[in-house]
Amino acid sequence: MGLHLAKRCKKRRFLVSLILFVSLSSYLLYIVFACCQHSLHTHGVDTQRRLEANIGTGFERDTSIQQDRRHDPKGQLGMDTRIYSNENDENGQRWPEEDDEEDTDRDFEKYDDNDDRREHGHVVMNNVGPSNGTNKVVSMSRKLPQAIIIGVKKCGTRALLEFMRLHPDVRASGPEVHFFDRYYNQGLDWYRQQMPMTIDGQVTLEKTPGYFIAPDVPRRIYNMSKEVKLLVVVRDPVTRAISDYTQTASKRETKEFDKLVFVRNSSGVVDTSWGAIRIGVYAKHFETWLQYFPRSSFHFVNGEELIRNPAIELMKVQSFLGLKATITEKNFYYNQTKGFPCLRKEDNSNAHCLGKTKGRQHPSVEPGIIKRLRDFYRPFNAKFYQLTGVNFHWDDGTYDVR
């Protein structure tokens, strides 16, 4: 009887131990499985973000973004993680406003989502090979820009960038990078990471209007590349100053234009310490650039004509960049309400206008103030015409459309 009872107890202890072992094993397996699922999900999300950033469907369409240096201070991750441009930088200082305000809602991509499959660093394009329906894998990489829109603020640099996005052989960075005037200490590898992925034969284009007036930028760009092509959008400096003021006044309360344009307690002495005035002295800034680059490295875009006759100006830009003239008058239609051209592909898809701030109404300025500003800018304009070889006719109210 005692032996039989002992056997039953031993058997019961074995069953309890077995149950505990199975339960513990199941729990451990559940934990491992859950961790694997989380890791796979996180990796998948990161991979998708990388693919979207590399191909251009992510950050170029998210239009209010800048590189997040809080998590990736030197850009070593190669990810296009972004934050709003009015965040503080790592030194606790508030970033200046974007030179040409916010980007537009979208841009035109060379590769449509429905026409290709994306992989790391490659695009698998359908039906680009022989007529037998084979696919072709196109290698992509990030390159330093071959062309840079260096200025000028409030002259139409955003419009030029958006217009150039229509070209299938042009890929542009998203927000203004400000590498050569703000983040030069990050190095060229960081700068390259801010550029879009391109295939051979495509032109990488960057836009930062602040470059034109920054004295150290010409030397820094020259050290990067002596062959880079530089695009400069200019307009009547009087109109540009009023536009600059209008942008500032739309963001915060400020004095009236006529209270800012002249030195306090003076009789019509223009205040050249005010940025809105100083930027328009184009000749002074351009002389610094000519110390490093020949005149042939620059193409000057007439800001007035870029709005009135965009196709003509874009033909000149495409020629300067050595591109096939694919952007024509068919790509533009005029918005009568805003007084600004809008964009479309030739098949009328993805038609859109520039941001809501474009075509903003300027304040009324007294004719006497306008005349005083024209007198102030006249000798600087004449010098600028001489340096560039282009007469923009800002002083007589007509514009050269050559």
Side-chain angles (χ1 to χ4, degrees), residues 62-70 82-105 149-162 174-178 181-183 207-214 233-266 268-282 285 303 307 337-340 353-366 368-370 372-373 376-377:
D62 184 355
T63 59
S64 55
I65 47 182
Q66 286 278 0
Q67 176 71 24
D68 190 345
R69 297 172 186 84
R70 296 173 302 178
R82 311 278 174 150
I83 59 174
Y84 288 101
S85 61
N86 60 359
E87 296 264 347
N88 293 342
D89 66 11
E90 63 269 24
N91 297 320
Q93 297 177 341
R94 193 171 182 80
W95 291 4
E97 296 284 352
E98 291 284 348
D99 284 346
D100 246 356
E101 303 182 279
E102 71 277 0
D103 297 347
T104 54
D105 294 334
I149 302 173
I150 60 173
V152 176
K153 177 184 177 183
K154 303 313 299 175
C155 288
T157 58
R158 169 54 54 188
L160 176 61
L161 183 72
E162 290 302 310
E176 295 166 11
V177 181
H178 285 285
D181 60 348
R182 297 183 191 170
Y183 305 115
K207 174 192 86 85
T208 300
Y211 289 163
F212 185 70
I213 64 172
V233 189
V234 291
R235 69 192 291 196
D236 180 347
V238 177
T239 309
R240 197 221 68 82
I242 297 173
S243 179
D244 202 338
Y245 167 81
T246 303
Q247 175 179 322
T248 301
S250 71
K251 297 177 180 296
R252 60 180 179 271
E253 186 175 348
T254 185
K255 296 179 181 179
E256 295 179 358
F257 183 82
D258 59 353
K259 298 295 192 301
L260 295 169
V261 73
F262 298 122
V263 176
R264 186 178 301 177
N265 299 325
S266 71
V269 177
V270 175
D271 188 357
T272 57
S273 68
W274 186 27
I277 297 297
R278 189 174 61 254
I279 291 173
V281 185
Y282 304 137
H285 306 300
I307 302 307
T337 302
K338 300 184 67 173
F340 226 84
C353 295
L354 299 182
K356 62 183 180 180
T357 62
K358 303 306 176 185
R360 185 191 283 125
Q361 185 67 38
H362 287 184
S364 177
V365 180
E366 293 181 8
I369 296 177
I370 298 294
R372 180 67 191 91
L373 285 174
F376 167 78
Y377 280 120

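Since we're looking at a predicted model, the values are computed, not measured.
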(message) Is there a side-chain contact between Val270 and Phe262 in this structure, where contact means two heavy atoms from C-beta onward sitting under 4.5 Å apart?
(response) yes
(message) Could you work out, with salt bridge (charged side-chain N to carboxylate O under 4.0 Å, His left out) as the rule, every residue matching Lys255, not counting sequence neighbours?
(response) none
(message) Ile213: which residues meet the side chain to side chain contact (heavy atoms under 4.5 Å, CB included) condition with it, sequence neighbours left out?
(response) Ile279, His285
(message) Using the side-chain hydrogen bond (donor to acceptor under 3.5 Å, both in side chains) criterion, which residues pair with Arg240? Sequence neighbours excluded.
(response) Asp244
(message) So which atom in Ala276 and which in Ala241 form the shortest heavy-atom distance, rounded to 0.1 Å?
(response) O-CB, 3.4 Å
(request) Write down the atom of Pro237, the atom of Gly280, and the distance for their closest heavy-atom approach. (result) CB-O, 3.6 Å
(message) Any side-chain to backbone donor/acceptor pair from Arg235 onto Lys154? Under 3.5 Å, distance only.
(response) yes
(message) Ser273: which residues meet the side-chain hydrogen bond (donor to acceptor under 3.5 Å, both in side chains) condition with it, sequence neighbours left out?
(response) Asp271
(request) Can you measure from SG (Cys155) to CZ (Phe212) and round to the nearest 0.5 angstrom? (result) 9.0 Å
(request) Could you list the residues that satisfy ring-ring contact (aromatic ring centres under 6.0 Å, His included) with Phe376, not counting sequence neighbours? (result) Phe380
(message) Nearest 0.5 Å, please: how far is NE2 in His178 from NZ in Lys207?
(response) 7.5 Å
(message) How close do Gly174 and Arg158 get, counting heavy atoms only, and between which atoms?
(response) O-NH2, 4.2 Å
(message) I need the Arg182 CZ to Glu176 CD distance, nearest 0.5 Å.
(response) 8.0 Å
(request) Evaluate the criterion side chain to side chain contact (heavy atoms under 4.5 Å, CB included) for residue pair Val261 and Ile277; output intermediate values, then yes/no. (result) CA-CA 7 Å; Val261 73; Ile277 297 297; 3.7 Å; yes
(request) Taking all heavy atoms of Gly268 and all of Arg372, pick out the closest pair and write down the distance. (result) O-NE, 2.7 Å
(message) Working to the nearest 0.5 angstrom, can you tell me the gap between Glu162 CD and Leu160 CG?
(response) 10.0 Å
(request) Report the C-alpha separation of Val365 and Val238 in whole Å, then their side-chain angles, then the decisive distance to 0.1 Å, and conclude whether the side chain to side chain contact (heavy atoms under 4.5 Å, CB included) test is met. (result) CA-CA 11 Å; Val365 180; Val238 177; over 6 Å; no
(message) Ignoring hydrogens, what is the shortest heavy-atom contact between Lys153 and Pro209? Give both atom names and the distance.
(response) N-CB, 3.7 Å
(request) Please tell me if the side chains of Thr254 and Leu260 come closer than 4.5 Å, counting only heavy atoms from C-beta onward. (result) yes
(request) Would you give the length of the straight line joining atom CG of Asp181 to atom OG1 of Thr208, rounded to the nearest 0.5 angstrom? (result) 6.5 Å
(request) Name all residues meeting the ring-ring contact (aromatic ring centres under 6.0 Å, His included) criterion together with Tyr245; count only those two or more places apart in sequence or in a different chain, and write none if there are none. (result) Phe257
